[in-house]
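Below, each value reflects all heavy atoms present in this structure, side chains not excepted, and no hydrogens, waters or symmetry copies.
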Amino acid sequence: MNTAEELVERNEENFSRAAITLLKGLVSRGKDESLWQVIVGERAALADYFKRLGLVLIVDEVDEYAYLQQEENTSLPRLVQRYPLSYPVSMLLVELRKALGQMDTASGDNRLVLTFADIMRRMEPFLPVSANEMKYRQTIEHIINQVVQLGFLLKLKDKEEAYEVRPVLRRFVDAQWLSDFADKLAEYEAHGQKLHAGSTAEQTEEANGEEGLLSGFVQHE
């Protein structure tokens with residue numbers, strides 16, 4: 001195989017790797033620089049490829065992430081599924097979005113890092129009180145892991161129990177969404193107070209099973 005053929009094969013392999021990774025979920029520059037460069041360089045070709053599958057390629061070069069979104073006006077089968085989120089996951093995402101907004105107002109930085117303790121403190125008003133501190137901690141860990149899987153939190157390897165709030169959250173939970181959420185806030189606060197008043201297993205189960213307002217979020221199968 002000559003050099004030209006090797007180059008073509010390598011480019012095709014890079015394109016395929018980028019396409020497959022995007023089909024799996026969110027891609028950020030911070031996690032894979034070489035893959036990010038392929039996505040930016042092949043953006044038009046990738047967008048054309050995914051358009052045939054009824055998908056829209058979203059690339060944000062400012063916050064440096066890319067993901068796929070299902071095209072709404074298509075008769076093709078859905079590749080990106082929508083899932084209703086639980087009450088605690090919904091509330092954590094709202095708290096994270098509020099923290100992003102506070103950071104934007106205060107400093108204009110584009111990187112927000114929260115510790116596990118920060119997240120625990122933010123979630124306290126919305127979860128049942130538990131005399132068992134370890135069990136409560138495990139509940140928070142479970143909620144955080146779900147948000148990590150959604151792509152809105154990134155566990156930092158160089159800092160113990162620290163998470164970066166991914167900028168992509170701004171796109172999914174925008175100012176209009178938060179405004180609409182305000183109409184439901186009293187209902188959510190009442191639900192949180194109900195859970196906060198006790199610590200029975202039944203209440204914990206209810207907190208995990210309650211559908212949140214974020215059913216518009218998308219996640220790949």
Would you sort out whether Leu76 and Leu53 count as a side-chain contact (heavy atoms from CB on, under 4.5 Å), showing the intermediate values? CA-CA 7 Å; Leu76 296 172; Leu53 302 178; 5.5 Å; no

If I compare all heavy atoms of Arg17 with all of Ser34, which pair ends up nearest, and what's the gap? NH1-OG, 4.0 Å

Same cluster (ILVMFWY, side-chain, under 4.5 Å), Leu57 and Phe15: yes

Decide whether Met120 and Leu114 are clustered together by the hydrophobic rule: side chain heavy atoms of Ile, Leu, Val, Met, Phe, Trp, Tyr closer than 4.5 Å, transitively. yes

Is Asp118 salt-bridged to Arg122, going by a charged N under 4.0 Å from an acidic O? no

same_hphob_cluster(Leu154, Met103) at 4.5 Å side-chain heavy-atom cutoff: no

Tell me, with the steps shown, if Phe50 and Leu22 meet side-chain contact (heavy atoms from CB on, under 4.5 Å). CA-CA 10 Å; Phe50 286 121; Leu22 283 164; 3.8 Å; yes

Does the Asn14 side chain pair with the main chain of Asn11, one donor and one acceptor, at a distance under 3.5 Å? no

Are the side chains of Leu68 and Ile58 in contact, using a 4.5 Å heavy-atom criterion? no

With a 6.0 Å cut-off (strictly less than), is the heavy-atom count around OH of Tyr49, excluding the residue itself, greater than 12? no

Would you say the side chain of Leu112 lies within less than 4.5 Å of the side chain of Leu96, judging by non-hydrogen atoms? no

Asn145 side chain vs Glu141 backbone, donor-acceptor pair below 3.5 Å: yes

How far does CG of Leu55 sit from CZ of Arg78, to the nearest 0.5 angstrom? 9.0 Å

Take atom NZ in Lys51; do more than 12 heavy atoms of anything else shown fall under 6.0 Å from it? no

Closest non-hydrogen atom pair, Thr21 against Val27: CG2-CG2, 3.7 Å

Lys/Arg-Asp/Glu bridge criterion (N-O < 4.0 Å) met for Glu13, Arg10: no

Taken to the nearest 0.5 Å, the spacing of Ile140 CD1 from Leu127 CG works out to 5.0 Å

OH/Tyr136 to CD/Glu124 distance, rounded to the nearest 0.5 angstrom? 4.5 Å

CG/Leu26 to CG/Leu150 distance, rounded to the nearest 0.5 angstrom? 10.5 Å

Is Arg171 salt-bridged to Asp63, going by a charged N under 4.0 Å from an acidic O? no

With the 4.5 Å side-chain cut-off for hydrophobic clustering, are Val59 and Val38 part of the same group? no

For Val8, check side chain to side chain contact (heavy atoms under 4.5 Å, CB included) against everything at least two apart and list the hits. Glu12

Can you name the nearest heavy-atom pair linking Leu169 to Arg97, along with the distance? CD2-N, 3.6 Å

Atom pair CD (Glu33) and OG (Ser28), whose distance is rounded to the nearest 0.5 Å: 10.5 Å

Side chain to side chain, Leu153 and Arg166, heavy atoms closer than 4.5 Å: no

Heavy-atom pair with the smallest gap, counting every atom of Ala18 and Leu35: CA-CD1, 3.5 Å

Apply side chain to side chain contact (heavy atoms under 4.5 Å, CB included) to Leu156 and list each qualifying residue two or more places apart in sequence or on a separate chain. Arg111, Val113, Asp158, Lys159, Ala162, Glu164

Group every Ile, Leu, Val, Met, Phe, Trp and Tyr by side-chain heavy-atom contacts under 4.5 Å, then state whether Phe116 and Val165 land in the same group. yes

For residues Ile39 and Tyr65, determine if any side-chain heavy atom of one lies less than 4.5 Å from a side-chain heavy atom of the other. no

Are Arg170 and Asp60 ion-paired here, with the side-chain N under 4.0 Å from a carboxylate O? no

